[in-house]
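Because the structure is predicted, anything quoted here is derived from the model rather than measured. Below, chains carry the letters A, B, ... as their sequence lines are ordered, and counting in each starts from 1.
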2 protein chains.
Amino acid sequence: MHLTREAKKKKTKKAILAAAVELFSINGFEKTSISQLAKTAGVGKGTVYSYFKTKQDLLLAFCEDELEYIHEQLNTRTNQDAPVFEQLVTVFMAEFEYVTRNPEFGRLYMQEIVFPKKLLAEKHKEGENKFFEMIFPILLKGQERGEIRQEFELLHLCGHFFAIYLLLLHAWYSDFIATSEAEAALRTLFTQAFVGLQPSTATTHHAEAQS
Amino acid sequence: MHLTREAKKKKTKKAILAAAVELFSINGFEKTSISQLAKTAGVGKGTVYSYFKTKQDLLLAFCEDELEYIHEQLNTRTNQDAPVFEQLVTVFMAEFEYVTRNPEFGRLYMQEIVFPKKLLAEKHKEGENKFFEMIFPILLKGQERGEIRQEFELLHLCGHFFAIYLLLLHAWYSDFIATSEAEAALRTLFTQAFVGLQPSTATTHHAEAQS
DNA sequence: GGTAAAAGTCGACCGTGGTCATTTTTAACA
DNA sequence: TGTTAAAAATGACCACGGTCGACTTTTACC
């Protein structure tokens, strides 16, 4: 048999991940030791490290699994005909709620995603692309519909919104805003971004955009 | 003598910080052990921990010292009469260059500042305020001069720019942009923010801002 | 100075994350 | 089935970050 081996590996990996979810949820990330986790998963300590390079990797793997699920759900649920503004609020709030539901996981995940070790940057680009893939089509449609200026590149637009999302999370983690205030804050920031910071009469002498 | 005691403590603290700077610079943060550091500083291991709660705290303390210096320099050097746009570019690029000069320190610093442990959030608000204090007066003057819309709250404006700054660093740490491209990217994002994402003819049906 | 309490220092000690030589399991072939 | 080489699992082991009670120095008061 050729499949049995691979199948077993998958099963072991799942067992380790399951143990991780269980123990991290109960005791938190830092208070869970790898040996304890290995025992729960029914494997040796070394085995854990042959599936995950690092304790953090284990957490990130779990987070990414969960996020993928959230993203799929979002893709099927968002109303493609609503205004861009509203679609973005929906998407961002879903992400926000997921990340902040378990602050400890979310924090470690975002720390690694936003400011990755340079060597691992490549790996995370992929993960972030998931996020960009979500809002990319929304913004594209927005440009087609004339809700968003067409002279800006889509990538830069995505970046702009990602920036606002980062700020939202930062504000929450720093206790500047409570969970209940998040949506209002997001809308305020979006409004600023849409309308623009300068008065509409101003001369845009600095508007030489870059690729 | 009453001062001797305090003076001695300061001296010890400086010695520890100095050892940290030296060893971190040579071997990096993770490869420097506390016992090694303690030996270099000429104190016991426990003493290090009576001055700094954690190994990370040690690094953050160092970073904050350095940042303070940068901020002072900036306050005296920026041209208060230049357009807001240009002043902001100057300030942000200075910060950017400092943070990315030593990627490892900058990374750990930003990780902790942007997504702090909830319990320590209070402590870091202070640190961030330094940043806001830098751009607050610039934006205020911008509003007075009519370069920036007056219907937005200054705090939200600061937030908007901080968001862009975070994105810039993120893009750099993720290898999306190189050091040499940073300023151009920053200008592009600023332009987007100033001009606004929606066409100037669009109806702003969503413009109910929040406090 | 003598002395007792408070402040500061110390390094042996603990549990941890991570490694690696060794052992066990699997797959392939005669 | 028996043999063997590769793949996978293992846990003793290591260096580290951080703790703690024992120890030394400083202070304040007589």
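Taking atom CZ on A:F29 and atom C1' on C:dG17, their separation rounds to 10 Å, with Å as the unit. When rounded to the nearest whole Å, the span between CG of A:L37 and C1' of C:dG15 equals 16 Å. In this structure, CD1 of A:I34 is placed 11 Å from P of C:dT19, rounded to the nearest angstrom. Rounded to whole Å, the distance from CD1 on B:I16 to C1' on D:dG18 is 15 Å. Rounded to whole angstrom, the span from the CG atom of B:N27 across to the P atom of D:dC16 amounts to 11 Å. Rounded to whole angstrom, the span from the CG atom of B:L59 across to the P atom of D:dG17 amounts to 13 Å. Computed from coordinates, the B:K13 NZ to C:dA7 C1' distance equals 16 Å when rounded to whole Å. Following rounding to the nearest Å, A:K53 (NZ) and C:dG18 (C1') show an atom-to-atom distance of 10 Å.
Inter-residue side-chain proximity for A:V195 and B:F152 is flagged as met; some heavy-atom pair is nearer than 4.5 Å. In this structure the side chain of A:L169 never reaches within 4.5 angstrom of the side chain of A:V114, judged on heavy atoms.
A tilted orientation is assigned to the rings of B:H170 and A:F162, their planes being inclined by 30° to 60°.
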Could you go over nucleotides 8-10 of chain D and give all protein N or O partners under 3.5 Å, atom names and distances?
| unit_1 | atom_1 | unit_2 | atom_2 | d |
| --- | --- | --- | --- | --- |
| D:dA8 | OP1 | A:K9 | NZ | 3.4 |
| D:dA9 | OP1 | A:Y51 | OH | 3.4 |
| D:dA9 | OP2 | A:Y51 | OH | 3.1 |
| D:dT10 | OP2 | A:G44 | N | 2.4 |
| D:dT10 | OP2 | A:T47 | OG1 | 2.9 |

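To the nearest 0.5 Å, the span separating CG on A:L23 from CG on A:L58 amounts to 10.0 Å.
Within the 4.0 angstrom heavy-atom criterion, no nucleotide atom of any strand lies near A:S35.
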Show the atom names and distances, to 0.1 Å, of all donor-acceptor pairs under 3.5 Å that link a side chain in residues 40-53 of chain B to residues at least two apart or in another chain.
| unit_1 | atom_1 | unit_2 | atom_2 | d |
| --- | --- | --- | --- | --- |
| B:T40 | OG1 | B:Q36 | O | 3.0 |
| B:S50 | OG | B:T47 | O | 2.9 |

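The side chain of A:T54 places an N or O atom within less than 4.0 Å of a non-bridging phosphate oxygen (OP1 or OP2) of C:dG18.
Aromatic rings from A:F161 and A:F190 are positioned such that their centres are separated by under 6.0 Å.
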